[in-house]
Amino acid sequence: MTWDVFVTRPIPEPGLSLLRAQCRVALRESRKIPTREEILTGIRDKDAILCLLTDPIDRAVIDAAGPRLKVISNYAVGFDNIDVTYATEQGIVVTNTPGVLTETTADLAWALLMAAARRIVESDRFTRAGLYDGWDPMLLLGWDVHGKTLGIVGLGRIGQAVARRARGFQMRVLYYDAYRPPAEVEQALGVTYVPFETLVQESDFISVHTPLTPETRHMFNAEVFRRMKPTAILINTSRGPVIDEAALVEALRERRIAYAALDVFEHEPALTPGLADLDNVVIVPHIGSASLETRAKMAELAATNILAVMNGQRPPHLVNPDVWDRRRKG
Ligand code: DGY
């Protein structure tokens with residue numbers, strides 16, 4: 001039977017073409033974030049939804065879909081926008097798009113690290129403003145990257161890709177993760193596990209790659225900023241609420257830490273008051289995976305996840321494998 005699929009926003013064509021070849025696709029054409037009402041209406045009587053990290057897929061939305069809903073395919077690796085527990089209870093498969101965006105997101109984490117360390121954005125603004133009147137030994141001094149200590153919080157796929165890039169800069173790499181990978185992984189990457197406390201105190205750069213969970217919400221708060229080096233630079237390409245943004249604004253304003261570079265925000269898309277007024281922060285609009293190649297691969301994968309379930313095959317990236325296993329047994 002042909003499936004009806006609700007796609008909440010335009011995504012790169014390879015994904016849409018794949019879906020259209022086998023399903024009836026209801027594409028919401030606007031690039032603006034859908035309202036709750038639009039999601040509640042759009043999902044009604046659909047077999048699958050292809051949604052984005054900006055779409056809260058909670059109990060009410062899942063209930064609004066009705067009994068036909070079988071797949072929630074998130075166009076993202078993070079899935080904190082979805083009530084996975086309720087979807088699992090309802091026997092609905094939840095999928096995501098890991099792997100294809102790993103290297104691209106690690107590239108951006110490094111771009112932000114370098115931009116902060118060498119004050120690239122400030123320098124660009126300064127030069128464009130016509131303020132450059134000749135070489136100056138004291139102008140826009142930043143911090144060296146090579147030979148410094150990098151602390152990685154969350155050594156999943158992206159954290160590992162960030163660690164690999166650090167080799168070229170001869171850095172000492174520390175990491176903290178609640179789940180430690182096998183020793184071979186640590187050795188191959190040349191990284192050392194330390195408790196969070198130690199990482200915070202010893203790192204010159206801290207790059208955050210942990211998913212957002214109740215445990216990681218506000219993992220970086222006023223107390224943690226007090227324990228970081230005054231020269232430390234904090235980079236976040238994971239999820240905004242991992243950092244208490246009001247406390248970060250305060251820490252940056254008082255130079256308790258040197259700099260931050262953020263791709264994600266606590267109340268996205270809104271910025272905490274004061275953040276955009278600071279010179280010692282680089283802010284970009286959640287573009288970690290935003291390369292032409294990677295966004296196309298994410299679209300293909302999000303579509304493939306839906307089509308696999310429709311055709312009775314295990315989808316490439318299941319968030320709740322229990323549901324799939326139950327379906328197979330049942
Ligand atoms: C994700 O996939 O979770 C990123 O935040 C966007 O690509």
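Residue numbers run from 1 in the order of the sequence given. Counting starts at 1 for both ligands and their atoms, following the listed order.
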Contact atoms of ligand 1, heavy-atom distance to [X] under 4.0 Å:
X      : answer
Arg239 : 1 (C), 3 (O), 4 (C), 5 (O)
Met298 : 7 (O)
Leu101 : 2 (O), 7 (O)
His286 : 4 (C), 5 (O), 6 (C)
Ala76  : 1 (C), 2 (O), 3 (O)

- Message: Main chain of Arg28, side chain of Arg9: is a donor-acceptor contact present, judged purely on distance under 3.5 Å?
- Response: no
- Query: Okay, side chain of Asn305, backbone of Ala302: is any donor-acceptor separation there less than 3.5 Å?
  - Reply: no
- Item | NZ or CZ of Lys70 within 45° of Trp3 ring axis and under 6.0 Å | yes
- Given side-chain hydrogen bond (donor to acceptor under 3.5 Å, both in side chains), test Glu245 with His267 step by step and report yes or no. CA-CA 9 Å; Glu245 211 166 272; His267 308 289; 5.9 Å; no
- How long is the span from the CD atom in Glu37 to the OG1 atom in Thr35, to the nearest 0.5 Å? 6.5 Å
- Quick one: does ligand 1 sit under 4.0 Å from the side chain of Thr105, the backbone, both or neither, non-hydrogen atoms only? neither
- Met171 with Ile152, same ILVMFWY side-chain cluster at under 4.5 Å: yes
- Message: I'd like the name of whichever of Gly78, Pro211, Ser289 reaches closest to atom 6 (C) of ligand 1 through any heavy atom.
- Response: Ser289
- Query: What residue and heavy atom of the protein are closest to atom 2 (O) of ligand 1, and at what distance?
  - Reply: Val77 N, 2.7 Å
